[in-house]
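Notes follow the structure.
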Amino acid sequence: REAVGGAGVPSAAQHVAQCLLDTGDAAAALPLFERALGGRTSDAGGRSGSERPPSGDALACMVGAADCHAALGEADEAQDMYMRVMELSKAAVGGAVSPANLRAMAGLARLHAAAGRHADALALTMALVDGREALLGANHIETLRAQARLAELYAAHGDTGSALVTFERVSQGYAKTLGRSHSEAQAAELALVDFKRMSSSAAGGSNVGEPLAATAAQASKALMSKASEVSPAAQASKAAEASNVSEFLLASKASKAAAADAAQKALTAAKASMAAEAAKA
């Protein structure tokens, strides 16, 4: 693209930067996002003095750069950029429910949670769930992942009831969207079963929030782990390693089958454990 349109064409650098970020190389991605953003100064909404609303691509570059700063441990720089994107999004197409704004909200919520600002993280994540529902639908995978994170934050506040209701909604949503036999749907159901068991065990303790928060975090991580197995970046990586398309398809099918079998076995074991505990009680 640069050969045709010149080095100032920002889209090529932006796409390469996003691929690098998706594969975990934030250090290499950051200068490319900054380079791409430099090529979009005329539509970056205030960076060049223009009164035009920022374009979606310009905001996406800013969010990508913020994600890089966050991954590199540069929390202050990331927070400033996320907040800038959220401010600029008010005048952009889509406003509060634009994809860039929702990504910025998710990133800022993660920073708040990591810094122990759980009330701020909870408020942002609730708004994120609402935004993703409005943009993508209640049972979209990204909406469900945001809800899983919300359940974790509820648990951190000791709000067991809201956490359980949210995990149940996530489990039902995965089953409806992907089917109960899908590995992610089974992981969601297993997360719910585990959380119910742990919440029952922790109910008699004096500090319920801490163990439940840990359990919810484990459940959320389980869902993210299953999600990574079928993410575009993961699939692209596996495809690159395969010698041909047929080999990749066979390997992918076998991997998914193994993951589904493992999830089903874990789910069966968890339910059996709950039944045994109930019988003892």
Side-chain angles (χ1 to χ4, degrees), residues 7-132 134-136 142-143 145-146 149-150 153 224 231-233:
V9 176
S11 58
Q14 181 178 350
H15 292 160
V16 173
Q18 190 62 54
C19 288
L20 287 169
L21 179 59
D22 289 344
T23 55
D25 196 348
L30 180 57
L32 287 175
F33 275 123
E34 292 174 340
R35 174 179 169 184
L37 188 60
R40 297 188 186 280
T41 52
S42 62
D43 65 354
R47 293 178 67 90
S48 62
S50 172
E51 295 183 357
R52 289 192 307 165
S55 71
D57 285 337
L59 292 175
C61 280
M62 294 179 69
V63 175
D67 287 342
C68 289
H69 283 300
L72 294 171
E74 300 166 351
D76 291 341
E77 291 85 348
Q79 180 171 320
D80 288 345
M81 294 199 76
Y82 286 138
M83 294 180 70
R84 177 64 173 160
V85 170
M86 292 171 65
E87 178 65 27
L88 292 174
S89 293
K90 295 177 181 178
V93 175
V97 296
S98 66
N101 186 62
L102 295 178
R103 284 182 58 195
M105 290 171 63
L108 186 56
R110 288 193 297 270
L111 288 181
H112 283 322
R117 298 186 292 269
H118 296 295
D120 292 332
L122 180 61
L124 267 175
T125 305
M126 291 175 69
L128 174 64
V129 170
D130 290 342
R132 286 186 175 173
L135 181 66
L136 304 171
E142 292 302 321
T143 304
R145 289 171 183 163
R149 177 59 176 155
L150 181 60
L153 292 169
M224 294 303 102
S231 68

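Start at 1 with the first residue, then count along the sequence. If you're wondering where the values come from, they're calculated on a predicted model, not measured in any experiment.
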*Which residues share a side chain to side chain contact (heavy atoms under 4.5 Å, CB included) with D80, sequence neighbours left out*: none
_Would you say that Q18 contacts F33 through its side chain, given a criterion of any heavy-atom pair below 4.5 Å between the two side chains?_
yes
*Return the set of residues passing side chain to side chain contact (heavy atoms under 4.5 Å, CB included) with E87 (not counting sequence neighbours), or none when no residue passes.*
K90
*Search all heavy atoms of A78 against all heavy atoms of A70 and return the closest pair with its distance.*
CB-N, 3.6 Å
*Considering all heavy atoms of both residues, which atom of A109 and which atom of T125 are nearest to each other, and what is their separation?*
CB-OG1, 3.7 Å
*Could you pull out the closest heavy-atom pair between A60 and R103, with the gap in Å?*
O-NH1, 4.1 Å
*At what distance, to the nearest 0.5 angstrom, does CG of L122 lie from CG of L128?*
12.0 Å
*Between Y82 and A66, which heavy-atom pair has the shortest distance, and what is it?*
CE2-CB, 3.4 Å
*Looking at NE2 of H112 and NE2 of H118, how far apart are the two atoms once the value is rounded to the nearest 0.5 Å?*
12.0 Å
*Got a second to check how far L30's CG is from L20's CG, nearest 0.5 Å?*
11.0 Å
_Validation row: L102, S98 side chains within 4.5 angstrom (heavy atoms)_ = no
*If you take all heavy atoms of R149 and A113, which pair is closest and at what distance?*
NH2-CB, 2.9 Å
*Taking only residues two or more places apart in sequence or in another chain, which ones pass side chain to side chain contact (heavy atoms under 4.5 Å, CB included) with V129?*
E133, A146, Q147, L150
*For E77, check side-chain hydrogen bond (donor to acceptor under 3.5 Å, both in side chains) against everything at least two apart and list the hits.*
none
*If a pair satisfies salt bridge (Lys or Arg N to Asp or Glu O under 4.0 Å) and one of its residues is in residues 106-132, list it, with sequence neighbours excluded.*
D67-R110, R132-E142
_L108 CG to L124 CG distance, which is reported to the nearest 0.5 Å_ = 5.0 Å
_side chain to side chain contact (heavy atoms under 4.5 Å, CB included) evaluation trace for S89 with V85_ = CA-CA 6 Å; S89 293; V85 170; 3.9 Å; yes
*Spacing of L59 atom CG and L37 atom CG [to the nearest 0.5 Å]*: 9.5 Å
*Working to the nearest 0.5 Å, report the span between CG of L21 and SG of C68.*
4.5 Å
*side chain to side chain contact (heavy atoms under 4.5 Å, CB included) with A71: which residues, sequence neighbours excluded?*
A26
